[in-house]
Structure formats: structure tokens, C-alpha cells
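Below, all heavy atoms of this structure are taken into account, side chains as well, without hydrogens, waters or symmetry copies. Both ligands and their constituent atoms are indexed starting at 1 by order of listing.
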Amino acid sequence: MTDPSQPSRPTEPAAGERLQKVLARAGIGSRRASEDLIVGGHVRVNGEVARLGRRVDVDHDLVEVDGAAVPVRPGLVYYLLNKPTGVVTTADDPQGRPTVVALVPDEPRVFPVGRLDVGTEGLLVLTNDGELAHRLTHPSFGVDKEYLAHVAGSPSRSAVRRLREGVELDDGPTAPARATLVAPGLVRITIHEGRNRQVRRMCDAIGHPVERLVRTRIGPIADRRLKPGTWRMLTGDEVLALERAAVARPRTPAPADTGRGPGRPGARRSRQT
Ligand code: URA
């Protein structure tokens, strides 16, 4: 059995960067804390428990902490934007409207993870980490997204129950959701499907059209203090938490699933720029 506190075997690569340095740079913790994680057996490289002294090639090796892939390639960035209304969730808008990409630094080039309608406000992740983005948006992973919907009128308890149980939309019934009336006319709703204009259509279906829609949480990521139109970097812990959310057990089988979903295990991490 591998003892992570023992030095690397001579067969392990002598080139590359020290694992604790790579983990620290990815924001997992100080080098010392990263060493403790290695010694504690929490870190795997290409599926094998890593030992102290392990070196890794960040372009090829898959590094995981407690089963969650760690973004170890330098140059990967993760922004959390509070999208204001009137801004489109694309890199380029043919109609010349302001875009979310224009609200964050130009370099390196990033793209939005998923989509908010032009009229929707709230949290949006932008990154150049194509693999994480893919898994966060892939329906089979069903990462939760929470919204506050200000709706016309005030839904009854049975109307809110319909949101919870699923409503019939023109592209099929919605999956069970979490929905609560937090104040008259204000519904907190959590979905994991990410269908086009889903919350608006669900609220239309119960007869209470959305007047204002704000996304307040993406999986484990929330931030009440981030002002509309501003952004911040996600911390290493937040990126890791997102990775964990995106390796959660798929709720519906995906055709290409190989056990860990569309991000192939051991696959080289792709960087989109
Ligand atoms: N649901 C919607 O209706 N719109 C969004 O922007 C996001 C979720």
C-alpha cells in the first residue's frame, strides 16, 4: 500500500514541479498545508495516491484533492461577475450591446460559463478553463443554481408547490426544484437543469410572470457583497468547491458518460483561450 509520507519511488518522475508548490499556486493552501494534504493521503496524481516529494507535469498530470480535480495549469483564471441587466452573456454581440466579457480583464481571454438572459442579474463565472466550464454546464452534472424571482402578484402555497414538483413547459416537464416564497411576490428557486429561460417560463406557467430575476448562487458559490457590474477572482477554495460540485454524481445518464462524465479521467486538461 502507498504510504504518502514516504518519499517518491525512484520510478516517479524526477522532472516537473514539486506537487506542494503546484497545489499552493492553485490556491489550495500554503506549501506546508499542501504537504500535510499529501502526507494525509488526500492528493492523487493520475489516480494514484501521491507521496511527499512527488513532481508533476502540470500540462499532462491530473492532480486531485479528495477526488476533485485541481486546476494546476498556470494561466487559468476564474472570475465571479455580478452581471447587471442589459448586458449580454456572450463574448461578442452582433447588435453591439455591452457584453459580460467586456466587464472583466481582456487578458487572458475568458468566456462565460453558462448563460443568463440579458434581463437577468446576478452571479456568473467566467474562465479560460474549458474543462471545468464544460462540466459545470453539462446537464448530467446538474450543478444547482439559485435565483431570487420577483414575480407579479404573490403565488399561493399550491402554486409554489407546483414549481417544486415540476411544471409542464413546451419542451417537457421540469425536474423537481426547490422553491420557497420568501416574501409576498418573492420566490427563491433552485434548479439544476439550466434550460433556456427556465425560471421565467416556470413562473409564467404558474401565472406569476417574473419582473426581476437575480441569480444568487452557483453550486457552492455565493457573494452578497459583490456589486452589480463588478467582479472578483474566485479563491482557490472556491474553484476546488466548484470542481467538487461538478464531479457530483450525475442525476441523469449522459450518453458519453465514462463514470466521471464528459471530463475524461486522466485526460489532459484543456485550456480554451
Ligand atoms: N432562468 C431564466 O429564466 N433566465 C435566466 O437568465 C436564468 C435562468
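- Applying the 6.0 Å contact sphere to CG of D106 captures no more than 12 heavy atoms from other residues, nucleotides or ligands.
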Applying salt bridge (Lys or Arg N to Asp or Glu O under 4.0 Å), run through R73 and D129 and close with a yes or a no. CA-CA 9 Å; R73 290 180 77 175; D129 183 341; over 6 Å; no
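- Listed by chain and number, L116, D117, T120, Y147, R197, Q198, V199, R200, L213 each place a non-hydrogen atom less than 4.0 angstrom from ligand 1.
- Side-chain contact annotation: T85 with E121, donor-acceptor N/O pair under 3.5 Å absent.
- Across V58, D61, D57, a single residue satisfies side-chain contact (heavy atoms from CB on, under 4.5 Å) together with V72, and that is V58.
- Counting heavy atoms from C-beta outward, P108 and V77 have side chains that approach closer than 4.5 Å.
- The salt bridge (charged side-chain N to carboxylate O under 4.0 Å, His left out) test with D144 is passed by exactly one of R178, R188, R215: R178.
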